[in-house]
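Notes to accompany the following structure.
The structure presented is a predicted model; accordingly, all values stated were derived computationally and were not measured. Proteins get letters first, then strands, A, B, ... in listed order; numbering begins at 1 in each.
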Number of protein chains: 2
Amino acid sequence: MRPNKREELVHKALGIFYQNGFHATGMDMIVREAGISKTSIYKHFRTKDDLILAVLRLRDENFRNWLYRRIEETAQTPKQQMIVLFDAVDEWFALPEFKGCMFIKASAEFQEPDNPIYVQAAEHKRMLYEHFADVAQKAGATKPKELSRDLMLLVEGAIVMAAMGVFSDAAGDAKRAAISLIEAQLN
Amino acid sequence: MRPNKREELVHKALGIFYQNGFHATGMDMIVREAGISKTSIYKHFRTKDDLILAVLRLRDENFRNWLYRRIEETAQTPKQQMIVLFDAVDEWFALPEFKGCMFIKASAEFQEPDNPIYVQAAEHKRMLYEHFADVAQKAGATKPKELSRDLMLLVEGAIVMAAMGVFSDAAGDAKRAAISLIEAQLN
DNA sequence: CCTTAGATGTACTGATCGGTATTTACAATT
DNA sequence: AATTGTAAATACCGATCAGTACATCTAAGG
């Protein structure tokens with residue numbers, strides 16, 4: 001009983017925080033929307049911030065697992081993996097509930113560099129960077145870390161421009177630019 | 001008297017909102033930090049959101065004026081202008097008070113697409129995009145809008161990665177990638 | 001049926017929230 | 001000095017904030 005309720009809470013809180021923002025979501029709203037009593041919430045988490053941290057952990061795990069799996073099941077070579085990364089984020093952008101990156105939001109709302117929330121958000125990005133540095137190395141890039149940074153810059157830029165509704169095909173633009181940069185590094 | 005006090009308020013509120021976040025900053029904190037009475041604040045602005053809108057307008061004007069001037073005084077050709085854009089944002093990142101892009105923060109905290117704050121934040125990005133599409137055209141790019149989107153993706157990505165402390169030379173990385181993309185388009 | 005563990009429901013706390021209302025103070029102009 | 005306009009100071013409003021306390025309910029296992 002206990003583990004499932006905790007997971008249910010984190011899962012529901014994730015959706016609520018994502019749609020409303022962290023500070024703009026009060027615990028009473030979580031109670032109402034999640035249908036879980038405040039007593040239970042505080043039984044599992046000492047503070048609202050602890051709940052947010054758990055939410056970020058779940059989101060990190062879900063997102064990275066989905067992304068890596070999505071990429072690996074549609075691309076055969078490491079080079080192709082770097083390219084279809086942008087198809088995957090394009091799928092993400094097309095989701096009806098898409099409202100940008102939860103980790104960017106977390107770091108925007110919790111800006112102190114020693115805040116565990118900020119720290120965890122940044123860690124998520126580092127893990128993505130390291131993953132794609134590995135992919136770039138396997139693809140035979142002469143400077144895999146540099147290429148990974150290129151890809152990350154394009155992905156993050158695309159997330160921002162898509163979330164703000166400024167570019168209509170942010171992922172497509174980023175993919176095109178990425179292909180150019182990949183070709184320049186691999187040839 | 002009146003215009004100056006209003007401007008003083010907007011200027012101070014800009015700093016306070018930028019350091020603390022919009023929702024995380026209450027009007028009582030603005031009163032304390034700005035040293036302006038709540039009566040005066042509400043005399044000039046009907047609501048907190050109206051104050052935020054004025055803050056975004058001021059920030060937009062200051063930032064774009066600074067950026068364009070900075071670029072034009074250090075670059076002679078439109079092509080050079082696209083490249084020194086990244087030197088300018090590097091200077092910005094190096095400021096002690098740098099905490100990312102206020103417009104990204106605004107759109108993250110006010111996510112409804114019909115919210116005037118979200119709308120204004122997105123408009124800021126559009127104006128940058130159009131400006132650099134113009135620069136790219138003058139530089140002789142075959143697809144100036146596309147190149148401008150490339151530059152914007154890199155700039156926004158760099159802002160995110162710098163604000164989150166993930167990349168140590170986000171602007172430098174973005175510049176290197178931008179040069180590659182510019183050369184590919186102009187040659 | 002009884003016990004235990006998990007969960008709900010509800011009221012409460014002191015503080016803050018955005019915004020309102022009223023009085024007083026201050027500065028500039030005539 | 002009087003007048004006018006601006007601004008500060010302060011108390012207030014109803015609501016929400018994160019978190020606490022306590023009683024009650026529910027479900028599962030022995």
**Sugar-phosphate or base contact per nucleotide [nucleotides 15-22 of chain D; S, B, -; heavy atom under 4.0 Å]** = --SSBBBB
Give the rounded distance in Å between these two atoms: [atom1] of [X] and [atom2] of [N].
X      : N       : atom1 : atom2 : result
E7(B)  : dA7(D)  : CD    : P     : 12 Å
I30(B) : dG19(C) : CD1   : P     : 12 Å
N4(A)  : dA5(C)  : CG    : C1'   : 15 Å
E8(B)  : dA7(D)  : CD    : C1'   : 11 Å
L9(A)  : dT8(C)  : CG    : C1'   : 14 Å
R6(B)  : dA7(D)  : CZ    : P     : 12 Å
K43(B) : dA9(D)  : NZ    : P     : 16 Å

**Ring-ring centroid check H23(A) F110(A), cutoff 6.0 Å** =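 Yes.
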**Request:** Assess the pair Y129(B) and F167(A): is the distance between their ring centroids shorter than 6.0 Å?
**Result:**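 Y129(B) vs F167(A): aromatic centres under 6.0 Å.
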**Message:** With a 4.0 Å cut-off on N to O distance, would you call E73(A) and R70(A) a salt bridge?
**Reply:**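 Salt bridge flag = yes for R70(A) with E73(A).
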**Message:** Quick test of your reading of the model: are K138(B) and D134(B) salt-bridged, counting only N-O distances below 4.0 Å?
**Reply:**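 Answer for the salt bridge query: yes.
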**Message:** I'd like to know if the side chain of K48(A) and the backbone of G26(A) have a donor-acceptor N/O pair within less than 3.5 Å.
**Reply:**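 Not at all, since once roles are kept as given, no pair shorter than 3.5 Å links the two residues.
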**Message:** Which nucleotide wins on minimum distance to the side chain of H44(A), given the candidates dA7(C), dA8(D), dT8(C)?
**Reply:**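 Within the option list, the nearest is dA7(C).
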**Relative orientation of the end axes in the helix from dC1(C)-dG30(D) to dT30(C)-dA1(D), expressed as an angle to the nearest 10° (five pairs per end)** =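 Inter-axis angle at the termini of the helix from dC1(C)-dG30(D) to dT30(C)-dA1(D): 0°.
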**Message:** Side-chain N or O of S37(B) versus OP1/OP2 of dA8(D): is the shortest distance under 4.0 Å?
**Reply:**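 Yes, such a contact exists.
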